[in-house]
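One structure is given below, encoded as structure tokens.
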Amino acid sequence: MNPEWIPTIVVGVAAVCASGYTVVRVLRHRRRPSNGMWALASVALFWLTAALYIVGSPTDVSGWIAYPVAAPVLAAPVVLLFTAVALAANTVVVVRREGRRLATLVPLVIACAFLVMLGAGTWWILDLVGGMGHSWFERFLFLALPLLLIPGAVFLFELIAYTGYALAYSRLDRIDAGDVVVVLGAGLNGDKVTPLLASRLDRGIEALNASVDAGKDAVIVVSGGRGVDEVVSEAEAMHAYLLDRGVDADRILVEDKSTTTAENLEFTVDLLRSHRPAWRRMVVVTSNFHVLRAASITDEMGLEATAVGSRTAPYYLPTAFLREYAATVVHFRRGTLVTIVAVIVLWLLFALATGLFLPWGA
């Protein structure tokens, strides 16, 4: 065997193993957000296999494989620039409709980070192609810049993976009959529910009716505490909305202490112990962008539950997914930190092996 083919074979085998493991994970635990990371990693490994094949091939490679391999590299800067501009424009729309606060400014912050990454990455590549400088400072900058770009690249990779898998998962949801329907709270407009929360409640009414039609003596739990800037608790406003929509008051339970998704479910379970101790199956209703994380938390809690999503206004989706991704990173921060450290170590080993440290004194 030609030794030059060994890297291609090794990476190809890794790609096949990673994709197989991804399929097993999705079939066994499809609620895990990390499934998206494994899926995207599998795609990246297959791409790298093709790239290594092209580099190692002694003959011209057919366009049917060369063009798809080159396309992501050529398109990445354009896509990153377009995404940054689109996020900045989306910030203007969201701020006008939802008000200026930290949550609505998230897309603008991400857009600025993308532009910094694009500029720094372009300089690094041009410096590599044009020949690195010989001064110690230029060598140090060439070596150190990836250490700053790597965390951003890992976050970008995870964001793409999470968003793609969350979108796919949200399309798999369906309303199953349950003993309990839980509607998770969102922000209020004064003492009234927002369109986002109203969409969740309408979906909750649909789930409650489906459960009753299936012969269940179901109840609906409205879950959400009172924020520091809210005049009433989310659960109180949600309760009033359901009554206005004709839902039987005897079928409504109110949980008005929670402030996070995990607390929504934990406090609801505590509430059900005294009001519906015989319940078995739960239907959790939230927005489509939040379904994956809500389902993941029910899985961690060992609940027999299904999560379904309501429609979200298109203009709000970028902000919503960015917030969900941020919450997911915080929840799985150890895995993210390990990944960043591993990539940094690999870069330093590569720099050491290729002699990037040596010419500083030149």
Side-chain angles (χ1 to χ4, degrees), residues 33 36-37 39-41 43-44 47 67-130 141-142 144-171 186-187 194-196 199 287-290 292-293 309 311-330 336 339-340 343:
M37 318 301 175
L40 188 57
V43 173
W47 176 87
Y67 295 148
V69 169
V73 178
L74 299 175
V78 177
V79 172
L80 199 59
L81 178 61
F82 174 82
T83 303
V85 173
L87 287 175
N90 178 254
T91 302
V92 176
V93 176
V94 173
V95 168
R96 285 178 178 175
R97 299 190 182 189
E98 304 288 337
R100 186 173 62 185
R101 57 184 188 274
L102 181 60
T104 57
L105 293 176
V106 168
L108 181 60
V109 174
I110 300 298
C112 293
F114 282 177
L115 291 175
V116 171
M117 287 181 60
L118 181 60
T122 301
W123 177 89
W124 191 87
I125 292 174
L126 291 177
D127 192 45
L128 176 64
V129 173
L141 190 60
F142 183 83
L145 188 58
L147 301 181
L148 301 177
L149 292 175
I150 284 171
V154 171
F155 285 131
L156 180 60
F157 178 90
E158 291 184 344
L159 174 60
I160 295 171
Y162 175 81
T163 302
Y165 190 69
L167 285 171
Y169 185 88
S170 68
R171 296 182 178 277
T194 61
L196 180 71
S199 181
S287 300
N288 51 8
F289 62 82
H290 187 228
L292 179 58
R293 188 157 66 93
R311 182 182 178 276
T312 304
Y315 78 87
Y316 195 72
L317 281 176
T319 299
F321 272 109
L322 287 171
R323 290 176 61 189
E324 285 305 302
Y325 165 69
T328 303
V329 168
V330 172
T336 300
T339 302
I340 291 173
V343 176

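Below, each value reflects all heavy atoms present in this structure, side chains not excepted, and no hydrogens, waters or symmetry copies.
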Listed partners of [X] passing side chain to side chain contact (heavy atoms under 4.5 Å, CB included), at least two apart:
X: Arg96; value: Val92
X: Val109; value: none
X: Ala84; value: Ala111, Phe114, Leu115
X: Leu196; value: Ala186, Thr194, Ser287, Phe289, Thr312, Tyr316

Which heavy-atom pair separates [X] from [Y] by the least distance, and what is that distance?
X: Tyr315; Y: Val93; result: CB-CG1, 4.0 Å
X: Ala120; Y: Leu145; result: O-CD2, 3.5 Å
X: Pro72; Y: Trp47; result: CG-NE1, 3.8 Å
X: Ala161; Y: Gly36; result: CB-O, 3.3 Å
X: Phe321; Y: Ala166; result: CE2-CB, 3.7 Å

Open item on the list: Measuring only between side-chain heavy atoms, which start at C-beta, is Leu322 closer than 4.5 Å to Leu87?
Closed with: yes
Between atom [atom1] of [X] and atom [atom2] of [Y], what is the distance when rounded to the nearest 0.5 Å?
X: Asn288; Y: His290; atom1: CG; atom2: NE2; value: 11.5 Å
X: Leu292; Y: Leu167; atom1: CG; atom2: CG; value: 10.0 Å
X: Glu324; Y: Leu317; atom1: CD; atom2: CG; value: 11.5 Å

- [ ] State which residues pass side chain to side chain donor-acceptor pair (under 3.5 Å) with Thr91; sequence neighbours excluded, sorted by chain then number.
- [x]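 In terms of side chain to side chain donor-acceptor pair (under 3.5 Å), with neighbours along the sequence ignored, Thr91 is linked to no residue.
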Task: side chain to side chain donor-acceptor pair (under 3.5 Å) against Thr319, all qualifying residues, sequence neighbours excluded - done: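 By the side chain to side chain donor-acceptor pair (under 3.5 Å) rule, Thr319 matches no residue at all.
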TODO: Ignoring hydrogens and angles, tell me if any N or O in the side chain of Thr122 forms a donor-acceptor pair with the backbone of Leu118 under 3.5 Å.
DONE: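 Checking the backbone N and O of Leu118 against the side chain of Thr122, a donor-acceptor pair under 3.5 Å is found.
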Could you give the side-chain donor-acceptor pairs of residues 149-159 under 3.5 Å, partners two or more places apart or in another chain?
unit_1: Glu158; atom_1: OE1; unit_2: Tyr325; atom_2: OH; d: 3.3
unit_1: Glu158; atom_1: OE1; unit_2: Thr336; atom_2: OG1; d: 3.2
unit_1: Glu158; atom_1: OE2; unit_2: Thr336; atom_2: OG1; d: 3.2

Open item on the list: I'd like to know whether CZ of Phe82 has more than 12 heavy-atom contacts from other residues, nucleotides or ligands below 6.0 angstrom.
Closed with: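 Open.
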- [ ] Determine which pairs satisfy side-chain hydrogen bond (donor to acceptor under 3.5 Å, both in side chains) with at least one residue from residues 71-88, sequence neighbours left out, and list them in order.
- [x] none
